[in-house]
Amino acid sequence: MTLDTNAYNSLHRTYRETALTNRRFKHQDIVDLVKIREEKGVLQVAEIGKSVESRAIYKLKYGSGDKKVMLWSQMHGDEPTATMALFDIFNFLEGGNDGFDSIRTCLKDNLTIHFIPMLNPDGAERFIRRNAQYIDLNRDARANHTVEAKLLRRMAEEVKPNYGFNLHDQSIYYNVPKTKNPVTIAMLAPAYNVDREVNDVRKGAMQLIVGMNDLLQQYVPDAVAKYDDTYSPRGFGDNFQAWGASTVLIESGGLKGDPEKQEIRRFNFAIILNALLEIAQGSYKKHDYKAYDKIPFNASQLHDVVIRQVDLGTDSVPLKTDVAIRRAELTVERDYCVRGWIEDIGDLEGTYGYDELDAGGLKFVQGKVYPKIFQTVDDIRNSDAWELLKEGYIAVRVASRGQDRLHNLPLVIATGTEIAPTPKIVLTGTSNFFLGDGAKLKYAVVNGYLIDLSRPPQENFYKNWIN
């Protein structure tokens, strides 16, 4: 039995967990969803331990077959994409009478699957990488200093899996080498020793990845890479491989237009379900493991914006050069804002941007502060912001921040009298300025977002903060 992308897409539309719609969900959201699984009774639910701050960690079990599989997600609290996909898979496994019961039966009869959908709930609560003790769980496989690492190690010893899936998110700034394509999914068959030798266990992981890559190329051609395969004696993936489980690392990366990684979630659903089906049938063994070596490794040459050949010179000192901009996310409860800054200046040939602009003939123009003070951000419409930008105003003042300091307008907004638009491009400096041809402003850069002034900016796209 095999499924194509159309089938996986249809299944995901049907079984997508609607309670999870963005990346900053909390532990209680997972608890609520796990309780629903418990009530349905298709998956066996067990609380297997608690985090440092006493949040419950669960394992869900499906099937009774001889082949044992363990999947764990969100051991880094700010890497939740696969967690969402696992709950989509739980919904599928609980489904029926949809033409895919033979798939469920195949999985159930041949596999015993153990899912741990949020290993680091304390980190997830804060949306940070590490646990409440500031320890990276994926570098605690050897020492087992943390209760969460001890728990995962104990599960490995009890289950003795034949296959493992270590589910993560990686930086959205990795690109496929020599292209501007973001790496949407990176995978790895971790090394089990310093020499990175290939035994039957690691070979099996490579074959699984070849199969997943075949499927992914139909979704995101030329957007798949391998993660760094340097052996880490502290890493769980490396140790699971050494313990005899053919282990696959999946890293969810970047995809333009998918900031909440809902499309990448769908790809996770498809490749994980596809891999489980191939394990159940043994069909992954047909893949040539040597094809794994043809998948390129991550490159790291991507930025949010690259502006090429912009005029930054003065009358006395000419300068036309390239500028790279990045935006850092700052978590605010279940939402976030960004801070844009100048990441690099100079010859940036060989680097890429999610958005790129050939600024030949365009010159840096400092923005202005609008003289009128608005009462709150609610008094400013998106169309107002666009008109202000076209007139050269990049910043406005408000009398009150209101209850929510986040806003979606393409403007710098602050209370008080002190707003300083970017006076010149400097490394690590702010990124709030215009580009013009001497007669007309053509583009605005607001908090790291590139805005074409020839058309209205997108509604509800910008993730900004009232200073």
Side-chain angles (χ1 to χ4, degrees), residues 20-26 28-29 78 125-128 257-262 304-305 325-342 354-355 364-424 428-436 440-467:
L20 303 175
T21 58
N22 59 63
R23 291 176 288 137
R24 286 169 171 79
F25 49 84
K26 303 292 186 178
Q28 188 59 49
D29 299 315
D78 59 353
E125 201 68 16
R126 300 165 171 83
F127 205 70
I128 61 173
D258 188 25
E260 293 296 339
K261 298 194 177 184
Q262 297 303 299
D304 285 297
V305 178
I325 299 170
R326 283 196 182 179
R327 299 189 295 266
E329 290 187 4
L330 306 172
T331 296
V332 183
E333 295 299 329
R334 291 173 178 264
D335 206 343
Y336 69 98
C337 60
V338 305
R339 183 183 74 83
W341 80 96
I342 305 300
Y354 278 90
D355 290 308
F364 169 88
V365 178
Q366 184 175 355
K368 301 180 295 184
V369 180
Y370 190 60
K372 174 184 174 181
I373 298 177
F374 295 90
Q375 185 60 37
T376 71
V377 72
D378 295 331
D379 296 328
I380 311 170
R381 298 169 299 179
N382 197 66
S383 57
D384 297 329
W386 186 39
E387 292 299 328
L388 288 170
L389 288 174
K390 289 193 295 181
E391 293 174 15
Y393 295 108
I394 207 162
V396 301
R397 293 168 292 172
V398 292
S400 171
R401 292 190 178 100
Q403 293 184 339
D404 187 358
R405 293 183 67 174
L406 302 181
H407 70 90
N408 301 120
L409 292 171
L411 289 169
V412 178
I413 300 179
T415 58
T417 58
E418 294 299 323
I419 303 181
T422 303
K424 63 178 180 178
T428 74
T430 57
S431 51
N432 303 296
F433 56 89
F434 290 99
L435 299 173
K440 185 177 181 181
L441 298 176
K442 298 289 188 178
Y443 294 88
V445 176
V446 180
N447 198 20
Y449 293 103
L450 179 65
I451 301 168
D452 185 344
L453 295 179
S454 68
R455 55 179 182 265
Q458 298 181 56
E459 297 269 3
N460 299 318
F461 173 74
Y462 308 97
K463 306 291 291 187
N464 290 325
W465 172 263
I466 302 174
N467 297 315

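Every value quoted in this text rests on a predicted model; they were computed, and no experiment measured them.
- A distance of 14.0 Å separates CZ in F461 from CG in L409, rounded to the nearest 0.5 Å.
- Using a 4.5 Å heavy-atom cutoff, the side chains of W386 and P410 are not in contact.
- Residues forming a side chain to side chain contact (heavy atoms under 4.5 Å, CB included) with V369 (at least two apart in sequence, or on another chain): A395, R397, I419, P421.
- Around atom CD of E333, no more than 12 heavy atoms belonging to other residues, nucleotides or ligands sit under 6.0 Å away.
- Across every non-hydrogen atom of I466 and H407, the tightest pair is CG1-CD2, 3.7 Å.
- A distance of 10.5 Å separates CH2 in W341 from CD1 in I325, rounded to the nearest 0.5 Å.
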Stepwise side chain to side chain donor-acceptor pair (under 3.5 Å) check, T376 with S400: CA-CA 5 Å; T376 71; S400 171; over 6 Å; no

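- F127 has its ring centre no less than 6.0 Å from the ring centre of Y336.
- Closest heavy-atom contact between L411 and I380: CD1-CG2, 4.3 Å.
- Salt bridge status for D29 with R334: present, with a side-chain N to carboxylate O gap under 4.0 Å.
- N464 places a side-chain heavy atom less than 4.5 Å from the side chain of V338.
- Checked against side chain to side chain contact (heavy atoms under 4.5 Å, CB included), A444 has the following partners two or more places apart in sequence or in another chain: L389, F434, V446, I451, L453.
- Here the straight-line distance linking atom CG of L435 with atom CG of L441 works out to 9.0 Å at 0.5 Å rounding.
- Residues Q262 and E260 share a closest heavy-atom pair of NE2-O, 3.0 Å.
- For the atom pair D335 CG and L330 CG, the distance stands at 11.5 Å (nearest 0.5 Å).
- Ring-plane geometry between F433 and F364 is classed as tilted, the angle between the planes lying from 30 to 60 degrees on a 0 to 90 degree scale.
- Between the side chain of R24 and the backbone N or O of V332 there is no donor-acceptor pair closer than 3.5 Å.
- A donor-acceptor pair is defined here as one N or O able to donate and one able to accept, closer than 3.5 Å; such a pair exists between the side chain of N432 and the backbone of N447.
- Rounding to the nearest 0.5 Å gives a distance of 7.0 Å between OG1 of T415 and CZ of R405.
- Using a distance-only test at 3.5 Å, with no hydrogens or angles considered, no donor-acceptor pair links the side chain of E125 to the main chain of K26.
- With hydrogens and angles ignored, the 3.5 Å screen pairs no side-chain donor or acceptor of N408 with any backbone N or O of E459.
- D304 pairs in a salt bridge (charged side-chain N to carboxylate O under 4.0 Å, His left out) with only one of the listed residues (R339, R327, K463), which is R327.
- A donor-acceptor distance shorter than 3.5 angstrom exists from the side chain of S431 to the backbone of G340, with no hydrogens or angles considered.
- Rounded to the nearest 0.5 angstrom, D384 CG and D379 CG are separated by 9.5 Å.
- S454 and D452 get closest at one heavy-atom pair: OG-OD1, 2.7 Å.
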